[in-house]
Amino acid sequence: MNNRRVLVTGGAGYIGSHTVVELIGAGYEVVIVDNFSNSDASSLEGIAKITGVTPTFIEADCCDKAALREVFERYDFSSVIHFAAYKAVGESVAMPTKYYHNNLLSFINVVELMKEYHRPNIVFSSSATVYGDAEELPVTERTPRKPATSPYGNTKQMAEDMLRDIVTVDDELYGIALRYFNPIGAHPSALIGELPRGIPNNLVPYITQTAAGVRECLSIFGDDYPTPDGSCLRDYIDIVDLARAHVVAIERMVAGKCEEHYEIFNIGTGSPVSVFELVKGFEAANNLTLNYKVAARRPGDVTAVWADTTRANEVLGWRAERKLDDTLRAAWAWECHVRNR
Ligand code: NAD
Ligand code: WQD
């Protein structure tokens, strides 16, 4: 079995493309499967420009088991990183079937084929959303999950549970769930980054599009939260740091270092940052002024969530390294690149 080749589902997407770059940099060969439902071939071109390597790419839907089977038939790899999923929280509330179908069926197909083809290792993209409005802060991996408040969040909880149940009764299979906090930024080359379709839901793309004049004004959703400056607190993790966490997780699995068949790691910085701090940080890092106003709270937002990263630091041997101002410069450089291409 080829321990140096990794199947990356959703590898043309935001986190996937950055992870592919880091995998290639670490000497892995990568096979990407993506159906371009939320990405396009420009990320593959960016990967090739950054690394000098054109990764193998198969345009396929992970819900199409026959198409996915062909990938397992054709390529030998010991590990899978499963990114392929829909991720828009609001859309999942309006269109739950779309989310349950894609996020759960693609996951089940991947793990069934891994079992059938004796491919032992899977890293699953989970989310801090599983903690909901947590009772203790920062959250550790043992902090109880709260009932999901969206179908999207529910798909992450359900897939985590399925993964735990499947790998703990199987001598061959190992699963690592990485719970990402708020991924932001772009590759320092500005050749790959986040490509939101339509009006961005997330803070940083909204900020960069406002700075670029695509959006008129950023709304800060609430300044009356019980936090030092009244805005929400989050743990913003640089996308390259996040991508590196996947490489470290794969290294752990292929080296046979997992202590349990199912392991969970929080992937964040461990430091809370408020919306106002992020906006001011963006202005200072890029020497510009942003048009923003305070607006009503956004329904469903939790006041604060940030990671206890002790387990990722000590057990996984990973920690966030990039400084927030560098991340915010990279986010702006990427936005400028997108506007100029
Ligand atoms: P993204 O939309 O940029 O990337 C997902 C990729 O998967 C896209 O390229 C899309 O075309 C592809 N895809 C979706 N369904 C597919 C299918 N059935 N078959 C093949 N390809 C499919 O999103 P992202 O931000 O890179 O997120 C990657 C993963 O991380 C997702 O599972 C997401 O839920 C999870 N996650 C993201 C965040 C975040 O804030 N970005 C936070 C926590 C967890
Ligand atoms: C961050 C902060 C907003 C936009 C989401 C998902 C979560 C995970 C990460 C996938 C909040 C404020 C935002 C704006 C604002 N994704 N904000 N004005 O909600 O923490 O997490 O992405 O798993 O599941 O829910 O991220 O970037 O939307 O918001 O003031 O225009 O910015 O209120 O406090 P969130 P976000």
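All values reported here derive from a predicted model rather than from experimental measurement. Order of listing sets the numbers, starting from 1, for every ligand and every atom in it.
Heavy-atom proximity to atom 7 (C) of ligand 2, evaluated over Ala304, Ser150, Gly132, Ser127, is greatest for Ser127. With atom 25 (O) of ligand 1 as the reference point, the heavy atom nearest to it among Lys156, Lys87, Glu59 is part of Lys87. Of all the listed residues (Tyr180, Phe83, Phe181), Tyr180 holds the heavy atom that lies closest to atom 36 (N) of ligand 1. When the options Tyr292, Phe181, Tyr131, Phe221 are ranked by their closest heavy atom to atom 15 (C) of ligand 2, first place goes to Phe221. When Val33, Asn38, Asn35, Ile184 are checked for heavy-atom proximity to atom 13 (N) of ligand 1, Asn35 turns out nearest.
Close N/O approach between Leu218 and ligand 2 is not found [any backbone or side-chain N/O within under 3.5 Å]. At a 3.5 angstrom cut-off on N or O pairs, Asp34 counts as close to ligand 1. Not a single N or O atom of Tyr206, backbone or side chain, sits closer than 3.5 Å to an N or O atom of ligand 2.
Within the 4.0 Å heavy-atom cutoff, Tyr236 counts among the residues contacting ligand 2. Taking 4.0 Å as the cut-off, Ser17 does not count as a neighbour of ligand 1 on heavy-atom distance. Residue Tyr152 places a heavy atom under 4.0 Å from ligand 2.
If you number the atoms of ligand 2 from 1 as listed, the ones under 4.0 Å from a heavy atom of Thr129 come out as 24 (O). Taking every heavy atom of Phe36 and a limit of under 4.0 angstrom, the matching atoms of ligand 1 come to 11 (O). Interface atoms of ligand 1 facing Ala12, defined by a heavy-atom separation under 4.0 Å, are 9 (O). The distance from ligand 2 to the heavy atoms of Asn201 drops below 4.0 Å at these ligand atoms: 4 (C), 28 (O). Proximity to Asn202 (heavy-atom distance under 4.0 Å) selects the following atoms of ligand 2: 5 (C), 22 (O), 26 (O), 27 (O), 28 (O), 36 (P). If you number the atoms of ligand 1 from 1 as listed, the ones under 4.0 Å from a heavy atom of Ser37 come out as 10 (C), 11 (O), 13 (N), 14 (C), 15 (N). In the vicinity of Cys232, heavy-atom distances shorter than 4.0 Å reach the ligand 2 atoms 34 (O). Every atom of ligand 2 with a heavy atom of Ile220 under 4.0 Å away is listed here by number and element: 30 (O). Here is the list of ligand 1 atoms found below 4.0 Å of a heavy atom in Tyr152: 33 (C), 34 (O), 35 (C), 36 (N), 44 (C). Taking a cut-off of under 4.0 Å to the non-hydrogen atoms of Arg234, the atoms of ligand 2 that pass are 11 (C), 20 (O), 34 (O), 35 (P). Ligand-side atoms of ligand 1 in range of Asp61: 17 (C), 18 (N), 19 (N), range being under 4.0 angstrom from any heavy atom. Per-residue contacts place Asp301 under 4.0 angstrom from the following atoms of ligand 2 (heavy atoms of the residue considered): 3 (C), 19 (O), 33 (O).
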_Run the side chain to side chain contact (heavy atoms under 4.5 Å, CB included) test on Asp170 and Lys115 for me, step by step, so that the C-alpha distance in whole Å, both residues' side-chain angles and the decisive distance to 0.1 Å come before the verdict._
CA-CA 9 Å; Asp170 194 309; Lys115 193 164 167 50; 2.6 Å; yes
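Scanning the protein heavy atoms around atom 28 (O) of ligand 2, the nearest turns out to be Arg298 NH2, 2.9 Å. Regarding atom 25 (O) of ligand 2, its nearest protein heavy-atom neighbour is Val89 CG2, 3.5 Å. Of all protein heavy atoms, the one lying nearest to atom 35 (P) of ligand 2 is Asn182 ND2, 3.5 Å.
With 3.5 Å as the limit, one finds no donor-acceptor pair spanning the side chains of Asp223 and Ser231.
Counting heavy atoms closer than 4.0 Å to ligand 2, residue Ser219 contributes backbone atoms (N, CA, C, O) but none from C-beta onward. Heavy atoms of Leu203 found under 4.0 angstrom from ligand 2 belong to the backbone as well as the side chain.
Note on ring orientation: taking the six-membered ring where Trp is involved, the planes of Tyr180 and Phe83 are tilted (angle from 30° to 60°). Aromatic ring orientation, His187 versus His18: tilted (interplanar angle from 30° to 60°). Taking the six-membered ring where the residue is Trp, Phe72 and Phe77 present perpendicular rings, their angle passing 60° and hence far from 30°.
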